Protein chains: 2
Amino acid sequence: MRGIRQLAKHLDISIGTVSRALNGKPDVNEETRKRVLAAAEELGYVANQSGRSLRQGTTNVIGLMIESSKETVENSDNFFLGLTGGLQSVLARHKLDLVMLPCPSDEDPHEYVKRMVARRVVDAMILSATQRIDKRIDFLAKAKIPFIALGRSSSGGNYTWIDLDFEGVAACAVDRLVAKGHRRIAIAAPSNDVNLGYIFVEAYRRSLERHGIPYDPALVIRVKSSEQGGYQAGHELVRLEPRPTAIILIYELMAIGLYRRMVEAGVVPGKDLAVIGFREEPRARFLQPTLTCFRMSLRDLGVELAETLLATMPAYAEFYPKGARSTIWPLELVAGESDAFSLDA
Amino acid sequence: MRGIRQLAKHLDISIGTVSRALNGKPDVNEETRKRVLAAAEELGYVANQSGRSLRQGTTNVIGLMIESSKETVENSDNFFLGLTGGLQSVLARHKLDLVMLPCPSDEDPHEYVKRMVARRVVDAMILSATQRIDKRIDFLAKAKIPFIALGRSSSGGNYTWIDLDFEGVAACAVDRLVAKGHRRIAIAAPSNDVNLGYIFVEAYRRSLERHGIPYDPALVIRVKSSEQGGYQAGHELVRLEPRPTAIILIYELMAIGLYRRMVEAGVVPGKDLAVIGFREEPRARFLQPTLTCFRMSLRDLGVELAETLLATMPAYAEFYPKGARSTIWPLELVAGESDAFSLDA
DNA sequence: GTGGCACACCAAAACGTTTCCGGAAAGAAC
DNA sequence: GTTCTTTCCGGAAACGTTTTGGTGTGCCAC
C-alpha cells in the first residue's frame, strides 16, 4: 500500500479528503488541508500521474511536435528550444508539463500524431512545420484534440494558428530596397509545398507590384533553407543576366553560404549586392558585413503560443478571456550593413 | 464502455484474451489472435496508455533531458535533434517512445528530474550536460530509475555513461600542431565546473607534456562555448605575449567569432594562426579558411545511447547481451585549411 | 421541536488495462 | 475407464487516483 492511501492512513483520514485537499478542491477544512499538505511534503508524496490520467482522462502534458527531417535537424537551430522557455512559463501556471515530440523522419507525421494522441501521451499539441495541406490539422480537429498550429495551412476547418508576419517582412524588405534604388530584387525561398514558401513569395510579389515593378519569376530562387541553400542561391544569382542588385533571403543562415559564393564570384555583399535576411539569429551575428534582418523574441512567441492554446482548452479557457484568436506575429527590423548602400550613389 | 471491453464484446471474447492476443502473450490460439488483431485494426483500437501504465507501473516512454539554459538554447545547434533519429530507431523496436524534456532554465535540474520521475512521465532517462558533480545521477541511481549519462561525471556510484573522446581529440590536435612546428598552443574551453572543460584541458596538458612542452596555464582561455566565446578567446589570444601560433577550440562555432576577431587584429587564420575546432558542424562548413575539426555521427551516437540504456533495463537487457558498458565515443579527423601551414616554412 | 442548510468528511465506484488463477475440453498414456 | 497433460480461455483482482453520493453534526429560523 503506497501512494495516497499511505498518506491517508498516516493522517488517519480518508483518501478522498486527502485528494481534495491536495487538489485545492472545496469541501475540506482549511486546518485539515494544511495538515495534508505538510504531511505530503514531509513524506515526499507526489501523485502518480498514471492513476490520475486514467481517472481524469487527461495527462497534464502538452506536446510540442517537431518534424525531424534532415533539413529541420540541420537547420532549425534552436528555434524550438528557444520557444520552450516561454511555453513553460505559461504552462507551469497550470501545473502542465511540456514535452518535445520529435517525429521520426521515417514515420508519417500524421500517423505519429495519431499515435501520440491515442496513447494519451499528451492532452494537446503544438504543431510546427505546417504544410499547405496538413492532415494532422484535419485529424486533430475532427478528434477534438486541442491544438495550435505554428504556421498557417491551407487546410480548411476552424482552427487556431499563429504565424510570423511574412507579409510584413517581405513588404518592409522590398520597400527598403526600392528606396535605395533597387529594381531587380531576387528572393530565395523554399518550394511552394512549404506554406511559408508560398506566402513569402506572394507577399514579395505584391510588394513589388505596389511599387510598379513587374514580378519576374526568374528572380525567385527555390532552394533549401540552409547554408547550402544559400550557397546554391548565390550560384543561381550570379548566372542571372543582368545580375540582380539585391536579394531577400527567407532564412538568415543562407547568408553564410551566399556570402561564400559571392566572394568566390568577386561580388562584394553590402557593396555590389544588397542582402536582407529574415530572422535574426545569434549564429549570423558575426557575418561581415553585418546582415540586415528581422528580430523577434522566441520567448514571447512561446508565451503567446501557450496562452492561445490554453484558451482553446475548455478547462483553462476561463483564464484567457481574450480567447483563441489566430494571430500574426510581428518582427522588428534590425538594420545592418548588408543593404546600407544606395544604388544611385 | 469503450476500449478493450468494446473490442472484446465485438469479438464475443473475454477482455483478458484480447489483451493477451494484442500483447503477443502465449496462451492464445493463433486463429484467435489473428481475429483480434484484425478487429483492432478495423475499429482503430489503440490501448489507453494511462490504463496500462497504471497496471504495469511503466509508461513506455524514454526521456531525453535537455538543460535549456540560455547558453544551451543559443548554441546547442541541433545536437539533440540529431540524436533523436538514432535513439528512436532503436526504441521503436520495443514500442518505446521518445520525448525530449527541456528543463526550464529557472528550475533546478535535480528537482525537474525528480518531478518527471515521480509523475511517471518517463520510465528511463538520458541525461545530457552532465556536471562534474551531478545530483541527478545520485538521485536516479538511488531511486533505481534506469538512466544513462551523456558525458562523464565525477559523481561516484555505479552508473553507465557514454562520453566523447576528448582525450583522443585533444591528443590528435596537439600531435598535429606539434608536428607542424607549433610550440605555443593555446586552448579555449569552458570552466572546470563543466566536466568537459576539465577533461579536455587535462588531456591537452598531458599531450603537451608527452611532447616535452611545458604546460602553461596562461594559454588556457576560459570562455563560453559560443561564437561570442570565440570572439572573446580571440581577444585574449592577441594580448598574449608572445602570441601563440595555434589554438584549439572546444567548440567549432567558436571559430566564427575567433576568425572575426583575428580579422580585426590583422591576424590571418590558416597563415598566422593555426586553428583546430572540435566537432564538425554543418554551420561551420562555410568558414574561410575551412576548419580542421573532428567528425562524428550523431545518429550512431543515438543508437549507441539507446542500446546501452536498454541494456541497463531488466525488461530489455536480454536483447542487448553486450551489456551496459560505459564507452568513449571516437571522432574522426576532418583536415581543413585552418592548420595546413607549417611554422618552420 | 422541527425543518432546512451548510460544512466537513467517508465509502465506494469508476477509469482501462494486465495478469493471476482456475477450469473446460481434448487428447495421450496407462 | 481413469488419470495426467496440454491448450486455450473466462473471471476477477489489482494498479492509484478522482469524484459522486451520502451521512452526521451543528446552527439558524420558524
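Residue numbers begin at 1 in each chain, while the letters A, B, ... track the order of the sequences. On a predicted model such as this, the values are computed, not experimentally measured, just so you know.
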Hey, does the side chain of A:N23 come within less than 4.0 Å of D:dT18's phosphate (OP1/OP2), counting only N and O?
-> yes
Rounded to whole Å, the CD1-P distance (A:I15 to D:dT20) equals 15 Å
For A:L22 and D:dG16, what is the distance between atoms CG and P respectively, to the nearest whole Å?
-> 16 Å
Output every pair passing salt bridge (Lys or Arg N to Asp or Glu O under 4.0 Å) with a member in residues 20-35 of chain A, not counting sequence neighbours, ordered by first then second residue.
-> A:E30-A:R33
Any side-chain N or O of B:N29 less than 4.0 Å from the OP1 or OP2 oxygen of D:dC8?
-> yes
Any A:T17 side-chain nitrogen or oxygen under 4.0 Å from OP1 or OP2 of C:dA8 | no
Is A:V99 close to B:V61 at the side-chain level, that is, under 4.5 Å between some pair of heavy atoms?
-> no
Between C:dG16 atom C1' and B:I4 atom CD1, what is the distance in whole Å?
-> 8 Å
Taking B:S53 as the fixed residue, which of B:Q49, B:R55, B:Q56 is the one that meets the side chain to side chain donor-acceptor pair (under 3.5 Å) rule?
-> B:Q49
Would you mind classifying the nucleic acid contact of A:I13 as base, sugar-phosphate or nothing, using non-hydrogen atoms under 4.0 angstrom?
-> sugar-phosphate
Between B:D12 and A:R20, who's closer to the 5' end of DNA chain D by nearest nucleotide?
-> B:D12
Protein-nucleotide distance (A:R119, atom CZ; C:dT17, atom P), rounded to Å | 13 Å
Test for a donor-acceptor pair under 3.5 Å between the base of C:dC7 and the side chain of A:D27, counting only N and O atoms.
-> no
Starting from the 5' end of DNA chain D, give me the residue, B:G16 or B:R120, whose nearest nucleotide shows up first.
-> B:G16
Looking only at side-chain N and O atoms, does A:K25 come under 4.0 Å of OP1 or OP2 in D:dT18?
-> no
Report the nucleotide, chosen from C:dC9, D:dC8, D:dT19, that has the shortest atom-to-atom distance to any side-chain atom of A:S19.
-> D:dT19
Within residues 49-60 of chain A, find the residues that approach DNA chain C with a heavy atom at under 4.0 Å, and present them sorted by residue number.
-> A:L54, A:R55
Aromatic ring centroids of A:H10 and A:Y45 under 6.0 Å?
-> no
Flag side-chain contact, heavy atom, 4.5 Å: A:I62 against A:V122 | no
Specify the separation, in whole Å, of atom CZ of B:R5 and atom P of C:dT18.
-> 12 Å
Side-chain heavy atoms of B:N60 within contact of B:R52, under 4.5 Å = yes
Around atom NE2 of A:H110, are there more than 12 heavy atoms of other residues, nucleotides or ligands at under 6.0 Å?
-> yes
Interatomic distance where CG belongs to B:L7 and P belongs to C:dG16 [whole Å] = 14 Å
Once you build an axis from the first five pairs and another from the last five of the helix from C:dG1-D:dC30 to C:dC30-D:dG1, how far apart in angle are they, to 10 degrees?
-> 50°
Separation between CE (B:M116) and CG (A:D97), nearest 0.5 Å, reads 3.5 Å
Under 4.5 Å between any side-chain heavy atoms of B:L22 and B:V36, yes or no?
-> yes
Expressed in angstrom and rounded to an integer, what is the separation of B:R35 atom CZ from D:dC9 atom C1'?
-> 12 Å
Quick one: are A:Y159 and A:T312 in side-chain contact, heavy atoms under 4.5 Å?
-> no
Tell me: CG of A:N48 to P of C:dT17, nearest whole Å?
-> 17 Å
